[in-house]
Structure formats: structure tokens, C-alpha cells
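Here the structure is laid out as C-alpha cells; the discussion comes afterwards.
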Amino acid sequence: MLTEDQVRQFHEEGYLFLPETFSPEEVAILKSEAEDIYRQERPEVWREKSGAPRTAFAAHLYNEAHGLLARHPRMIKPVEQLFGEQVYMHQYKINAKASFTGDVWQWHQDYGTWARDDGMPEPRAMNIAVFLDEVMPINGPLMLVPRSHTRGVLDAAHDTSTTSYPLWTLDEKTVTEIVEAGGIVAPTGKPGGLLLFHGNLVHGSAGNITPYPRKIVYLTLNAVSNYIRKPTRAEWIAHTDFSPIIPTDEGALVRYARSLQQQAAE
Ligand code: SIN
Ligand code: MN
């Protein structure tokens with residue numbers, strides 16, 4: 001459960017960062033499974049123009065460890081608490097931000113895309129993310145504009161050329177104005193850090209030219225009553241299974257990691 005202070009901070013700033021929330025053992029399995037997924041040729045694995053992995057969609061549906069993270073109480077409960085109702089998985093993705101070639105994510109608001117492309121009625125969905133690698137100031141951390149979630153849906157243009165992934169992006173004038181008001185923060189830290197942010201919070205990330213990959217897994221959880229009304233994207237990008245998520249127990253992911261280790265030792 002989030003404390004009263006944390007809930008207040010989320011509402012005021014539009015985000016919450018909880019360092020080292022998943023243990024090294026939990027992160028290790030999620031990370032090695034992510035690396036295995038990136039090696040697979042499948043439509044859900046989206047690549048940069050260079051061919052390096054950019055993101056793996058819907059990994060919770062074809063990978064058991066990620067299936068357990070998708071139902072982990074540390075991911076589900078805070079969002080249920082903030083929305084005051086059960087949630088379902090709108091999108092699940094593991095962003096690679098590969099060493100040397102990881103490309104930018106232009107400035108955007110997530111709810112802008114969910115409203116325009118998926119027909120989501122209200123900004124009652126949000127991303128909750130776990131760092132799978134150390135996120136540093138130098139390897140393309142996610143940058144957030146504090147308090148920008150209070151401005152509603154800003155005008156955006158559909159960019160289909162800058163990166164391999166189409167995105168509704170904000171123009172420089174808009175970003176300059178909101179950054180003058182709110183500044184920019186880039187939460188960094190060890191693997192296992194947990195970051196959640198409001199669907200209207202403006203964010204983006206620079207390219208990664210360092211040898212250090214920056215993998216982050218994002219669950220987009222939507223309040224069940226706020227299910228999408230006009231899906232236009234592939235099912236594995238914007239899910240249409242609106243069943244409420246029933247969380248696992250606290251130890252399910254660790255037990256699974258240990259069972260794999262035991263099998264390997266036998
Ligand atoms: C996103 O905004 O959806 C992803 C940005 C990132 O992983 O840097
Ligand atoms: Mn985003």
C-alpha cells in the first residue's frame with residue numbers, strides 16, 4: 001500500500017519513484033527472460049531502424065516470468081489504490097534502449113495516444129515500470145516534466161518517421177513552456193526501482209550511445225470501467241481483454257525463479 005504522503009506526492013507531482021522495490025533475484029529472472037525474448041523473431045518484438053530491439057509487446061502472454069510480474073501485487077495494488085477500482089492490462093512492454101543504438105522516445109503524453117488511437121474515455125490508466133538494468137543519467141533515462149499532468153491532453157502531431165514507432169508527439173514550443181514551469185526530472189537507480197506516472201504526465205527519453213543497456217518494463221494498467229471503446233491497434237499493443245487482474249501472492253515470482261534454478265541444477 002502507498003502511504004498518505006506517497007499518494008499526495010503522486011497527485012501533486014504526477015509521478016512516484018520507489019527505489020529498489022524488486023529484489024536482485026526477482027530482477028535477474030525478468031532481465032534474462034527479456035534478453036531471451038529480444039532474440040526471438042516475432043511480431044511483438046519491435047526493432048529500431050538499426051535492427052536492435054526497441055520494445056517487446058505483450059511478453060506477459062508468452063513468457064511465464066513476465067506473466068507473474070503482470071499480476072504482481074507490488075505492481076497492481078498501488079494502481080488499484082490510486083484509481084479506487086480493479087484494473088486490467090491495457091499494454092505490457094519491455095523497452096530495451098539498447099547499448100549504443102537505443103533510440104529516442106520523443107516528448108509525449110501516454111493518454112494522448114490511448115485517447116486518440118484506442119478510444120479510452122478518461123486518463124484513468126497509467127504506466128507502472130520496473131528498472132531491469134541500472135538507469136543512469138547517461139544511458140537514456142526516462143525524463144519526466146513534474147506537474148505537467150494537470151494540463152489535460154495537449155495538442156500533438158502523429159510522428160511516424162523519427163523512430164520506428166509511431167507516436168503522438170508534442171512540439172518544441174509546448175515542451176519549452178511546460179518545462180519552464182515544471183523543470184525536468186530523470187529518476188535513476190539500481191535495477192528493481194519502481195516508477196509510476198500519470199497518463200497525462202509529459203515524458204520522453206534520449207538515445208543511448210553508452211555501452212550500458214537500459215531495459216525498463218512498463219505495465220499500462222487501466223481502470224476496468226475505463227475500458228477502451230474504439231480499438232484501432234493490434235490486440236497485442238492495446239489489449240481488449242478487460243478482465244480484472246487478480247494479483248498473485250507476494251512470493252510467486254521468487255518461487256518461479258527458484259524452481260527454474262533447481263531444474264537447471266538437476
Ligand atoms: C514510453 O514513453 O512509453 C517509453 C519511454 C522509454 O522507455 O524511454
Ligand atoms: Mn510513454
Do [X] and [Y] come close enough that some side-chain heavy atom pair is under 4.5 Å?
X    : Y    : result
L194 : I128 : yes
F10  : M126 : yes
L16  : V7   : no
V130 : M75  : yes
P247 : R71  : no
P19  : K190 : no
V217 : F131 : no
Y111 : M120 : yes

Using ring centroids (six-membered ring only for Trp), state whether H72 and F22 fall under 6.0 Å.
yes
Aromatic ring proximity F197/H203, centre distance under 6.0 Å
yes
Sidechain-backbone polar pair: [X] side chain, [Y] backbone, donor-acceptor under 3.5 Å:
X    : Y    : result
E266 : Q263 : no
Q86  : E80  : no
Q106 : G204 : no
R214 : Y212 : no
H149 : H11  : yes
H239 : D241 : no
H108 : D110 : no
E44  : F57  : no
E26  : S23  : yes
D118 : I228 : no

Are more than 12 heavy atoms from other residues, nucleotides or ligands located less than 6.0 Å from atom [atom1] of [X]?
X    : atom1 : value
I209 : CD1   : no
D249 : CG    : yes
E250 : CD    : yes
K77  : NZ    : no

For [X] against [Y], the heavy-atom pair lying closest together:
X    : Y    : answer
G152 : Q109 : O-NE2, 2.8 Å
P187 : P141 : O-CB, 4.4 Å
P191 : L132 : CB-O, 3.8 Å
T160 : P166 : CG2-CB, 4.0 Å
D171 : T174 : OD1-OG1, 2.6 Å
S148 : L201 : OG-CD1, 3.5 Å

Spacing of [atom1] belonging to [X] relative to [atom2] belonging to [Y], to within rounding of 0.5 Å:
X    : Y    : atom1 : atom2 : answer
S243 : Y227 : OG    : OH    : 13.5 Å
I37  : Q40  : CD1   : CD    : 6.0 Å
L144 : Y15  : CG    : OH    : 6.5 Å
L219 : L69  : CG    : CG    : 5.5 Å
L2   : L196 : CG    : CG    : 6.5 Å
L253 : L68  : CG    : CG    : 6.0 Å

Is there a side chain to side chain contact (heavy atoms under 4.5 Å, CB included) between W236 and R42? Walk through the geometry before answering.
CA-CA 12 Å; W236 39 269; R42 51 187 313 151; over 6 Å; no
Identify whether [X] and [Y] are in the same connected component of the hydrophobic contact network (ILVMFWY, side-chain heavy atoms under 4.5 Å).
X    : Y    : value
L195 : V135 : yes
Y38  : I29  : yes
W46  : V104 : no
L61  : Y256 : no
V27  : I76  : yes

Show which residues join I184 in its hydrophobic cluster (side-chain heavy-atom contacts under 4.5 Å, direct or indirect), or state none.
W107, M143, V145, L154, L170, V175, I178, V179, V202
Quick note, ring-ring contact (aromatic ring centres under 6.0 Å, His included) partners involving residues 175-194, not counting sequence neighbours, are none
Step-by-step side chain to side chain contact (heavy atoms under 4.5 Å, CB included) determination, K230 to R116
CA-CA 9 Å; K230 286 190 184 140; R116 293 174 182 107; over 6 Å; no
Is E35 salt-bridged to R39, going by a charged N under 4.0 Å from an acidic O?
no
Ionic contact status for E48 with R54, cut-off 4.0 Å
yes
Derivation and outcome, salt bridge (charged side-chain N to carboxylate O under 4.0 Å, His left out), residues E177 and K173
CA-CA 6 Å; E177 270 170 30; K173 187 168 170 284; 3.4 Å; yes
Name each donor-acceptor pair under 3.5 Å that joins a side chain in residues 91-102 to protein atoms two or more places apart or in another chain, with its distance.
unit_1	atom_1	unit_2	atom_2	d
Q91	OE1	K93	NZ	3.1
Q91	NE2	I237	O	2.9
Y92	OH	H66	O	3.4
Y92	OH	H66	ND1	2.8
N95	OD1	T55	OG1	2.6
K97	NZ	D103	O	2.9
K97	NZ	S205	OG	2.7
K97	NZ	A206	O	2.7
T101	OG1	S99	O	3.4

Would N139 and T210 count as a side-chain hydrogen bond (donor to acceptor under 3.5 Å, both in side chains) here? Give the steps.
CA-CA 6 Å; N139 64 351; T210 75; 5.2 Å; no
Please report the C-alpha distance between W168 and D117 in whole Å, then the side-chain angles of each, then the deciding distance to 0.1 Å, and finally whether the side-chain hydrogen bond (donor to acceptor under 3.5 Å, both in side chains) criterion is met.
CA-CA 9 Å; W168 288 93; D117 291 354; 3.0 Å; yes
Given Q6 and L18, is the side chain to side chain contact (heavy atoms under 4.5 Å, CB included) satisfied, shown in steps?
CA-CA 10 Å; Q6 289 170 332; L18 308 174; 3.3 Å; yes
side-chain hydrogen bond (donor to acceptor under 3.5 Å, both in side chains) with Y88: of N222, T240, N226, only one passes, and it is N222
